[in-house]
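Report on the structure given below.
Just the heavy atoms: all of them, side chains too, but no hydrogens, waters or symmetry mates, feed the values below.
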Amino acid sequence: NNVELREFGVNIWPTAEEISGFDSSQPQDNQVLSFTFGGLTATQTIDIVEPELLSLRVIPSKPTYYTGDVLKPEELTVLCTYENGYIRNMPAGSYLISGFDSTKPVQDQRVTVSYKGQSDSFFIQVLPLELKSISVNPGLTNYYLGEQFNRSMLRVSAHYNSGAIKAVSPELVQISGFDSSREATGQEVVVSYQGKQDSFLVNILSGTRPDEPGEEPGNDPGEEPGG
């Protein structure tokens with residue numbers, strides 16, 4: 001019986017399911033519990049105390065990094081086991097990471113995770129980051145006699161051996177093959193960046209550019225860059 005009648009009122013002992021706000025998964029001071037009955041809400045403040053830590057285990061998900069990479073918290077699972085048998089999945093930022101250095105290539109780099117006197121280590125390799133290729137979206141494929149090449153329309157992407165794809169400023173690339181001194185169809189323009197190249201075709205048209213880009217004759221906005 002959860003209800004006790006007394007001279008001046010009723011005592012109620014709520015079940016665990018009727019109490020909201022309780023969370024013992026992480027240590028916390030001043031956790032507020034609440035119970036509502038008959039339109040009234042009662043609250044109680046408690047502290048969640050961390051038990052004695054017995055061991056720590058780290059499970060890395062990424063064995064290989066590249067120069068310049070950052071070790072991200074989501075790449076590690078850190079589990080702490082306590083004296084009461086509870087295994088806690090540690091939140092990012094609650095533990096110390098040491099030994100990680102991606103400034104230069106290295107084999108078998110030891111990385112250590114520590115928390116309150118307990119630690120665990122794992123090994124990674126750091127490989128040199130290398131540019132494999134570039135890809136170019138020209139943005140504009142029709143030019144008129146006498147026009148200069150429009151770099152601002154270029155979209156250049158650098159593809160690395162790590163799988164990363166990074167945007168490259170058009171101001172950092174070299175352009176060759178563009179010549180608007182005479183009419184041309186399918187003129188190849190080559191874009192170069194750090195020893196890698198991609199190309200695309202442009203047309204050099206007679207006349208002057210229309211005021212509205214949509215009126216540009218013969219422009220094919222869907223044209224893909226050449227290889």
Side-chain angles (χ1 to χ4, degrees), residues 1-129 157-158 160-167 169:
N1 190 351
N2 288 335
V3 179
E4 177 183 316
L5 299 179
R6 291 191 176 181
E7 182 178 355
F8 299 104
V10 179
N11 283 352
I12 300 174
W13 287 269
T15 64
E17 291 75 14
E18 295 171 322
I19 298 175
S20 60
F22 180 75
D23 180 6
S24 64
S25 62
Q26 306 288 346
Q28 181 183 350
D29 293 334
N30 300 319
Q31 185 177 101
V32 178
L33 309 183
S34 62
F35 169 67
T36 300
F37 180 80
L40 299 176
T41 299
T43 61
Q44 175 69 44
T45 300
I46 64 171
D47 295 333
I48 305 297
V49 180
E50 186 173 11
E52 180 181 351
L53 178 62
L54 296 182
S55 65
L56 178 148
R57 180 188 178 199
V58 58
I59 305 172
S61 63
K62 186 177 177 181
T64 301
Y65 289 80
Y66 292 83
T67 49
D69 277 353
V70 175
L71 195 159
K72 301 175 182 177
E74 58 266 26
E75 295 165 353
L76 298 179
T77 299
V78 180
L79 302 175
C80 283
T81 301
Y82 293 92
E83 61 175 348
N84 62 355
Y86 178 65
I87 299 177
R88 176 186 174 197
N89 191 341
M90 301 296 289
S94 62
Y95 46 83
L96 176 67
I97 300 174
S98 59
F100 180 82
D101 181 4
S102 67
T103 58
K104 58 184 179 181
V106 62
Q107 293 289 336
D108 295 330
Q109 182 180 99
R110 181 174 184 144
V111 180
T112 301
V113 175
S114 305
Y115 178 74
K116 291 192 173 181
Q118 300 291 336
S119 64
D120 191 15
S121 300
F122 60 97
F123 289 89
I124 63 168
Q125 62 175 342
V126 180
L127 302 179
L129 183 67
S157 300
Y160 293 89
N161 59 338
S162 65
I165 301 175
K166 300 180 181 180
S169 169

Between [Y] and [X], is there a side-chain donor-acceptor contact under 3.5 Å, judged purely by atom types and distance?
X: T67; Y: S102; answer: no
X: Y82; Y: E50; answer: yes
X: S34; Y: S20; answer: yes
X: Q125; Y: T64; answer: yes

pair [X]-[Y]: side-chain heavy atoms closer than 4.5 Å:
X: F22; Y: Q44; answer: no
X: L79; Y: I59; answer: yes
X: L127; Y: Q107; answer: yes
X: T77; Y: N89; answer: yes
X: D120; Y: L56; answer: yes

Quiz item: How far apart are the C-alpha atoms of S121 and T112, what are their side-chain angles, what is the distance that settles it, and do they pass the side-chain hydrogen bond (donor to acceptor under 3.5 Å, both in side chains) test?
Solution: CA-CA 4 Å; S121 300; T112 301; 2.8 Å; yes
Straight-line distance of [X] [atom1] to [Y] [atom2], nearest 0.5 Å:
X: F122; Y: R110; atom1: CZ; atom2: CZ; answer: 11.0 Å
X: Q109; Y: I124; atom1: CD; atom2: CD1; answer: 4.5 Å
X: D29; Y: D47; atom1: CG; atom2: CG; answer: 4.5 Å
X: Y160; Y: I165; atom1: OH; atom2: CD1; answer: 11.0 Å
X: R88; Y: C80; atom1: CZ; atom2: SG; answer: 6.5 Å
X: L76; Y: S61; atom1: CG; atom2: OG; answer: 7.0 Å

Exercise. Please step through side-chain contact (heavy atoms from CB on, under 4.5 Å) for the pair T43 and L33, ending with a clear verdict.
Key: CA-CA 5 Å; T43 61; L33 309 183; over 6 Å; no
Quiz item: Sub-3.5 Å donor-acceptor pair from the side chain of E75 to the main-chain atoms of K72, do we have one?
Solution: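 Present.
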Self-check item: Heavy-atom pair with the smallest gap, counting every atom of F123 and D108
Solution: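 So the minimum-distance heavy-atom pair works out to CD2-O, 3.6 Å.
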Quiz prompt | Closest heavy-atom pair and its distance - L53, T81 | solution =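 It is CD1-O, 3.5 Å.
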Self-check item: Intermediate values then yes/no, side-chain contact (heavy atoms from CB on, under 4.5 Å), T45 and Q31
Solution: CA-CA 5 Å; T45 300; Q31 185 177 101; over 6 Å; no
Quiz item: In this structure, which one of V106, D101, D69 forms a side chain to side chain contact (heavy atoms under 4.5 Å, CB included) with V126?
Solution: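 Of all the options given, the one that passes is V106.
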Quiz item: When you look at Y95 and V58, which way does the side-chain contact (heavy atoms from CB on, under 4.5 Å) test go after all the steps?
Solution: CA-CA 11 Å; Y95 46 83; V58 58; over 6 Å; no
Quiz item: Can you check side-chain contact (heavy atoms from CB on, under 4.5 Å) on D23 and I48, steps first, answer last?
Solution: CA-CA 8 Å; D23 180 6; I48 305 297; over 6 Å; no
